[in-house]
Every structure is written in C-alpha cells, then in structure tokens.
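Residue numbers begin at 1 in each chain, while the letters A, B, ... track the order of the sequences. Bear in mind the structure is a predicted one, so any value in this text is a computation, not a measurement. When reading the values below, keep in mind they use all heavy atoms of this one structure, side chains included, and skip hydrogens, waters and symmetry mates.
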2 protein chains.
Amino acid sequence: MRPFKHPEIDAVTLEHLLHALSDPVRMDIVRRLADEGEASCNALDGGRPKSSMSHHFRVLREAGLVWTRNDGTVHMNSLRRKELDKRFPGLMKAVLTAK
Amino acid sequence: MRPFKHPEIDAVTLEHLLHALSDPVRMDIVRRLADEGEASCNALDGGRPKSSMSHHFRVLREAGLVWTRNDGTVHMNSLRRKELDKRFPGLMKAVLTAK
DNA sequence: TCTATAGTTCGATAAATTTCGAACAATAGC
DNA sequence: GCTATTGTTCGAAATTTATCGAACTATAGA
C-alpha cells in the first residue's frame, strides 16, 4: 500500500473540517486519537465493518484532521494537532473540551 | 406568525452545531450575525430564494446557534453568542476567527 | 378592507452521504 | 510460495440534505 496523500495544512478548509467532525463515528475517532496519541484503524472500529471505517478515515484524512502512516500491514493514525492548532487556533481545544 | 421554538442551550449538541456550521451559506449567515448583531432573513439572503433561506435559518435555530424574534412581519435573527460561549467555551471564537 | 412585504410550509427533484458485503492489495512470518 | 492480517476499493442500497417554485400565513399601512 502506497503512503497516503494528505492535504497541506494551509489547504484545509474550515468547512470540510467541521463537516468531518459533525459525524459521531468520526468525532469518536478524533477524541480517541486525541487521548491515545496514535492508533490503528483496527483499534478504533468499535465493531463496525472495515469498509465503513475506511470511509471515515478517508474523510478525516482529506479534511486534514488525521495523519496516516504505514507500518507494515497496519495503518497508524494520529491527529494533526500541532498543525491544526496553528491553522485554526483554539478550535481543536474547544471541540475536544466540549461535552 | 407564532414565535419560534428554540432549544434550551443545554440540549444543544456539538454534533448538530458543527453540522449546521459546515454549510457555506449558513456559515456566512453566522459570520454576518456575529459582525452585525441582528439582521432580518431578508437582509442576509444574498439573492437566494426565500424558501432556501428559510430552510437554513431553521437549521441554525434548531442547532441552537441562532435566536429569531418576531418584529412585525420581519424576523430578526441574532447569534446566541453568550449562551454558546458558556455551553462550548472558546468554540465560537475559534470558528469566527478562522479564515 | 385591500395591498404590499416578510417568511414559512409543502412537494418535488437532484446531489451527497452513510453503510456494508465482496473482491482486491500489501505486508509479515512461516 | 503460502497464509493470515490489515485495510482499501468497488458497487449498490438507503438515508439525508440542499434547492427552489408555488401556495399560504401574518402583519403593517393606506
């Protein structure tokens, strides 16, 4: 599997980012990545089919929220937190703080 | 026209709020309300049909973002900024600051 | 009462999204 | 090479969403 294309942080739009976060499955992924730092798709699937999760990870990647790196057969995902904090100051903190 | 029902601020969910903000027409409305304080639907339509705008204002109201009051035949809309700041600290500031 | 104005509601259509099984691709380990 | 594991891609079905014209409601003002 080839490495993924991730958008430049400056090309990330608020619109796409908010849309990506407005889905409960994806918000859950983001919260867990914020907590756990890095995790495989597998570890975050909550019992859902792999194809569904692959779709959600793709949306998160294309929205600029998540970085995915290959590690053998495993895809390790992490929040692009530092970049996001620079691009949209205070946003992720506010989102992750909200309950 | 009867006054509108607005959700209690504690019943507002981050999910619905983010979804409401992930549409460019609605984000534009929110930004202008943040700037101008209060405005009629009419003043914010950007040339779009009334029925389309009515739909978007409804989504914004139901998401808890916008308060609408009746003033004669006019509906005056405003951001529920103070309530939102309490409910989701830092969120609206981050959203409105983002460019 | 008649008219103009501001918005809502209804109904239909088009487009985007979510979901998930099945087939496929890439890597690790034997 | 063979097999198991991870995750992607494809295709289809169901749901949600956006858009907008037409009919309707409510109020102000003459």
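For B:Arg87, the side chain to side chain contact (heavy atoms under 4.5 Å, CB included) partners two or more places apart in sequence, or in a different chain, are B:Ile9, B:Asp10.
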Check: When every nucleotide of nucleotides 9-23 of chain C is labelled 5' to 3' by its protein contacts under 4.0 Å (heavy atoms), B for base, S for sugar-phosphate only, - for none, what sequence of letters results?
Finding: B--------SBBBB-
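In this structure, CZ of A:Phe57 is placed 14 Å from P of D:dT6, rounded to the nearest angstrom. Note: CG (A:Asn42) to P (D:dA4) measures 17 Å, nearest angstrom. The separation between B:Lys5 atom NZ and C:dT8 atom P is 14 Å, rounded to whole Å. Taking atom CG of residue B:Asp71 and atom P of nucleotide D:dG29, one finds them 10 Å apart after rounding to whole Å. If you measure from atom CG of A:Asn77 to atom P of D:dG7, you get 8 Å, rounded to the nearest angstrom. Between A:Leu60 atom CG and D:dT8 atom P there is a gap of 12 Å when expressed in whole angstrom units. Per the geometry, CG belonging to A:Asp45 stands 10 Å off P belonging to D:dT6, to the nearest Å. Atom NE2 of B:His75 and atom C1' of C:dT5 are 12 Å apart (whole Å).
Taking only side-chain nitrogens and oxygens, B:Ser40 comes nearer than 4.0 Å to OP1 or OP2 of C:dG7.
Aromatic ring centres of B:Phe57 and B:His75: separated by at least 6.0 Å.
By the 4.5 Å heavy-atom criterion applied to side chains, B:Asn77 and B:Leu33 are counted as neighbours. Considering only heavy atoms from C-beta on, A:Lys86 stays 4.5 Å or farther from A:Glu83 through its side chain.
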Using distance only, find each side-chain donor-acceptor pair of residues 39-53 of chain A under 3.5 Å and give its atom names and separation, not counting sequence neighbours.
residue: A:Ser40; atom: OG; partner: A:Ala43; partner atom: N; Å: 3.1
residue: A:Asp45; atom: OD1; partner: A:Gly47; partner atom: N; Å: 3.1

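A salt bridge links B:Arg81 with B:Asp85; the closest basic N to acidic carboxylate O contact falls under 4.0 Å.
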